[in-house]
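Report on the structure given below.
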Number of protein chains: 2
Amino acid sequence: MVRPERRTVRDLRRGNRAVLLRTLYFAGPTSRHELSGMTGLSAASVSNVAGDLIADNVVVEAGLVESDGGRPRVLLRVDPRYGYVIGVDVGETHVHVGLFNLDMDEQAKAEFTLRPAQHDVDLVVRHILSGIDAVMAASGVDPARVLGVGLGVPGIVESGPDALIHAQTFGWDAVPLGALLRAGTSLPLYVDNGAKTMGQAELWFGSGRGSRHAIVVLLGSGVGASIITDGLTYRGVNSSAGEWGHTKIAVGGRECRCGARGCLEAYIGAESILERAGLSAEMAREQATLADLVKSGGPVIDETIDYLGAGLANLINLFNPERIVIGGWAGLLLGQHELVKIKKAVALNSLTQPFETASIVLGRLGPDAVALGAATLVVEEFLLGNAFSSSEQPAAI
Amino acid sequence: MVRPERRTVRDLRRGNRAVLLRTLYFAGPTSRHELSGMTGLSAASVSNVAGDLIADNVVVEAGLVESDGGRPRVLLRVDPRYGYVIGVDVGETHVHVGLFNLDMDEQAKAEFTLRPAQHDVDLVVRHILSGIDAVMAASGVDPARVLGVGLGVPGIVESGPDALIHAQTFGWDAVPLGALLRAGTSLPLYVDNGAKTMGQAELWFGSGRGSRHAIVVLLGSGVGASIITDGLTYRGVNSSAGEWGHTKIAVGGRECRCGARGCLEAYIGAESILERAGLSAEMAREQATLADLVKSGGPVIDETIDYLGAGLANLINLFNPERIVIGGWAGLLLGQHELVKIKKAVALNSLTQPFETASIVLGRLGPDAVALGAATLVVEEFLLGNAFSSSEQPAAI
DNA sequence: CATGTTAGATCAGGTCGTGAAATAAGGCAT
DNA sequence: ATGCCTTATTTCACGACCTGATCTAACATG
């Protein structure tokens with residue numbers, strides 16, 4: 001029961017301004033003339049709205065380009081220095097903080113390592129806050145130009161002013177991360193699950209570019225997914241959507257660290273793979289050990305591929321996406337060696353029709369994608385061009 | 001990468017007209033004053049737009065209601081006789097055709113039985129077309145007032161002018177149902193999967209009323225689901241989304257009639273349940289046999305509940321809906337006897353957070369919901385109030 | 001330096017939603 | 001009956017918006 005909203009004549013301008021800004025942001029330097037064609041707005045309106053954007057210093061002229069014989073086109077672009085955004089990746093072993101300009105060039109970064117099981121909330125909060133201070137200082141950016149902070153965190157994020165976080169692996173149960181950070185900074189905060197922020201990074205700048213319906217899966221120790229429908233990250237009613245790792249792939253099967261049985265993560269999570277292969281590497285060596293295992297192959301890897309194929313097939317059957325991006329360190333490891341087998345396993349487990357329209361590719365962004373994606377949460381808001389829209393966002397505080 | 005569209009000042013009116021119409025449609029008789037509050041439009045605009053709608057005969061006045069001491073409110077409502085819509089249910093054993101007014105009161109209906117394995121395309125097309133003729137004749141409705149025909153069909157519907165249908169159980173492979181019907185009628189056609197049309201019926205008029213994020217599952221011989229995100233049926237890139245029945249719930253498990261192994265349908269589809277219980281009823285007695293089995297209980301039913309619980313839990317983990325509606329004859333049978341056990345099984349297999357926000361209820365509409373829902377496809381288009389919007393719709397032809 | 005060509009700006013015109021003011025339509029007390 | 005009070009709806013002037021048409025700017029060419 002969709003409820004479209006009433007619009008006033010002012011909304012028109014806000015909307016068209018956002019259309020122009022977004023086009024400019026994703027297409028890069030473009031002339032007013034081209035913009036008219038791309039957006040459908042009349043040349044007059046483009047001129048008018050672009051004038052606004054320039055007057056607000058959001059957009060700047062970026063050189064001329066010759067136009068056979070006539071007046072040259074003036075290229076416009078979003079001024080990457082109009083604003084800066086901060087992205088934070090709260091992972092199991094680290095806290096990364098990066099400060100980016102609007103072109104997503106990293107201006108400064110700060111890192112903190114977390115010892116396993118050292119996920120004390122206050123410690124993490126301190127790391128985040130001092131990370132923010134550190135990157136602001138290191139970059140020398142005017143604090144007034146920082147548009148906000150995006151955070152990618154583990155577990156389920158309940159959107160709302162407190163940004164309650166439920167993260168079993170951290171032992172966090174309803175931790176009001178938003179409220180805690182609020183006490184230490186006045187920047188606008190956007191909190192979301194790390195798999196979702198990484199998904200948004202791949203969607204905007206990585207292998208997902210240009211798709212409207214895509215799914216980015218994240219395979220590491222944990223298993224998550226980011227579901228993009230209609231170009232937007234789907235969050236569901238509580239923004240916990242996309243918990244793919246704990247969907248059941250084998251009723252009554254292996255026990256998962258979440259306590260239930262037969263979770264996908266219990267078969268394709270990095271730890272589970274090693275465990276099933278009889279290898280117990282301490283966390284520091286986990287990646288190298290898995291790399292060796294994947295390289296040498298064997299029944300456990302084959303079985304893992306079967307399960308991964310079935311899991312991906314379920315996503316294809318349910319969501320009918322045009323693209324599936326496999327990311328996360330374990331996902332890239334598996335994908336680099338066994339993409340063909342994986343695709344075969346997916347084919348076996350999905351319906352022909354949707355299988356054929358879904359291309360399966362590897363993620364293109366490295367491990368920093370979580371922080372990058374978190375920063376895009378802020379940019380997303382910026383591109384909407386209004387203080388706060390009424391539509392649902394990640395916990396915007 | 002959402003691409004918002006440019007808007008002109010004329011779109012404003014179209015949009016606000018649609019807002020008013022939709023509010024009026026779902027809220028029933030309402031005064032202009034109330035409409036102003038509900039839509040956010042100013043009283044002046046409501047008056048203005050309502051005037052348009054009345055001039056177009058879409059909306060009529062529907063009595064007065066007193067307002068303590070002042071001028072009485074004039075109630076407005078959509079004229080149910082402004083237009084009529086036809087809904088068609090193409091099932092495994094029948095073709096049902098119904099003609100409804102805009103209040104969804106059935107004005108006439110026609111039924112044809114299909115013998116098992118008698119799914120010859122031409123026969124079905126003939127049934128549909130003569131069904132349309134029959135209900136038009138029986139109702140005596142002016143053909144010019146029929147807004148279109150919605151069809152709920154089995155299998156996967158590729159939206160597009162041909163409305164290609166892939167339905168394994170019918171032996172249909174890329175059947176251009178739309179094109180075939182085009183030859184016999186000039187009414188606008190909207191084709192979609194039957195589980196989706198039924199889902200829309202439950203969403204609009206049944207147990208799903210008022211939810212933005214809901215999932216309606218359909219358990220019969222086959223198993224399907226309709227996923228509602230943001231109040232709209234989610235269709236994915238090819239409109240094949242929601243193929244829940246063939247998601248894998250037990251890698252390497254029971255063989256399914258689709259050829260793969262471990263499909264959910266191989267455990268909770270009506271036929272599979274009977275098969276696992278060692279009962280082989282011919283189709284005509286299928287429902288009675290299952291009813292007996294469910295009533296007497298036993299290990300097969302318990303197992304079925306476990307699998308159903310896991311399947312529903314997967315939906316909850318992935319979509320984080322606010323409501324799950326269990327429909328379909330087998331679903332209602334199971335649900336009426338075992339809803340408590342089902343919920344327990346779901347709880348066991350889903351994450352706490354999303355489980356707690358999802359209420360699980362039984363469908364409220366009977367077997368005619370497929371045709372009713374198909375008819376709502378046409379109404380949905382009517383409520384948008386413009387010839388054809390650019391946004392995706394079911395195969396609108 | 002005039003001409004041609006293309007990009008961008010300006011302007012008049014029509015549409016829209018809004019707040020304020022006016023009007024309609026009842027009830028109620030006199 | 002009459003006039004007043006209350007509430008619903010309509011009317012009106014206004015400002016904001018987008019657009020097509022027209023005008024100006026900026027460059028190349030000969």
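So you know, we letter chains A, B, ... as the sequences are listed, proteins then strands, and number each from 1. What you see below is based on every heavy atom in this structure, not just the backbone, and it leaves out hydrogens, waters and symmetry mates.
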#### Entry: Sidechain N-carboxylate O distance under 4.0 Å for A/Asp192, A/Arg235
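Result for this pair is yes, salt bridge flagged.
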Checking contacts here: which listed nucleotide ([options]) is nearest the side-chain heavy atoms of [X]?
X       : options                : value
B/His33 : D/dT9, C/dG8, C/dG17   : D/dT9
B/Arg71 : C/dG8, D/dA8, D/dC27   : D/dA8
B/Ala43 : D/dT10, D/dC27, D/dA16 : D/dT10
B/Ala44 : D/dC18, C/dG19, C/dG17 : C/dG19

Can a side chain N or O of [X] be found less than 4.0 Å away from OP1 or OP2 on [N]?
X       : N      : value
A/Asn16 : D/dC17 : no
A/Ser47 : C/dA9  : yes
A/Arg32 : C/dA7  : no
B/Arg73 : D/dT9  : no
A/Ser42 : D/dT19 : yes

Exercise for review: Return the stems involving DNA chain D, sorted by first number, where pairs are Watson-Crick (N1-N3 with N6-O4 or O6-N4) or G-U wobble (N1-O2 and O6-N3), both under 3.5 Å, and runs are 3 or more long.
Suggested key: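 Stems (3+ consecutive pairs) listed as C:1-30 with D:1-30.
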Rounded to the Å, how far apart are [X] [atom1] and [N] [atom2]?
X       : N      : atom1 : atom2 : value
A/Arg13 : D/dT19 : CZ    : P     : 11 Å
B/Arg14 : C/dG17 : CZ    : P     : 12 Å
A/Glu34 : C/dT6  : CD    : P     : 15 Å
B/Arg17 : C/dT15 : CZ    : P     : 16 Å
B/Leu35 : C/dG17 : CG    : C1'   : 16 Å
B/Arg7  : C/dG17 : CZ    : C1'   : 16 Å
B/Asn48 : C/dG19 : CG    : P     : 14 Å
B/Leu12 : D/dT19 : CG    : P     : 12 Å

Query raised in the report: Base, sugar-phosphate alone, or nothing: which one does B/Val46 contact when heavy atoms must sit under 4.0 Å apart?
Result: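 Nothing, no heavy atom under 4.0 Å.
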Practice prompt. Would you classify A/Ser45 as touching base, sugar-phosphate or nothing, given that sugar-phosphate means primed atoms plus P, OP1 and OP2, and contacts are heavy atoms under 4.0 Å?
Written response: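 Base contact - A/Ser45 has a heavy atom under 4.0 Å of at least one base atom.
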**OP:** Give me the ring orientation class for A/Phe26 and A/Phe205: parallel if the planes are under 30° apart, tilted from 30 to 60°, perpendicular past 60°.
**Re:**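 Rings of A/Phe26 and A/Phe205: tilted, 30 to 60°.
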task = Decide if atom CZ of A/Arg81 counts as having more than 12 heavy atoms of other residues, nucleotides or ligands within a radius under 6.0 Å.
result =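 Atom CZ in A/Arg81 is not crowded, with 12 or fewer foreign heavy atoms closer than 6.0 Å.
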(message) If we count only N and O atoms by modelled type, under 3.5 Å, do the side chains of A/Ser211 and A/Glu322 hold a donor and an acceptor together?
(response)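 Per modelled atom types, A/Ser211 and A/Glu322 side chains form no pair under 3.5 Å.
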Worksheet item: What pairs with A/Ser47 under side-chain hydrogen bond (donor to acceptor under 3.5 Å, both in side chains), at least two apart in sequence or on another chain?
Response: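 Once residues adjacent in sequence are excluded, A/Ser47 has no partner under the side-chain hydrogen bond (donor to acceptor under 3.5 Å, both in side chains) criterion.
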Margin query: Can you confirm whether B/Val60 sits close enough to B/Arg77 that some side-chain heavy atom of one is under 4.5 Å from a side-chain heavy atom of the other?
Written below: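 Counting from C-beta outward, B/Val60 and B/Arg77 do come under 4.5 Å.
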- Message: Measuring only between side-chain heavy atoms, which start at C-beta, is A/Thr30 closer than 4.5 Å to A/Leu24?
- Response: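 Sidechains of A/Leu24 and A/Thr30: in contact.
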Quiz prompt | A/Arg10 vs B/Arg6, nearer the 5' end of DNA chain D by closest nucleotide | solution =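 Upstream on the strand: A/Arg10.
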Q: Could you tell me whether the side chain of B/Arg6 and the main chain of A/Gly40 form a donor-acceptor pair under 3.5 Å?
A: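 Indeed, once roles are kept as given, a pair shorter than 3.5 Å links the two residues.
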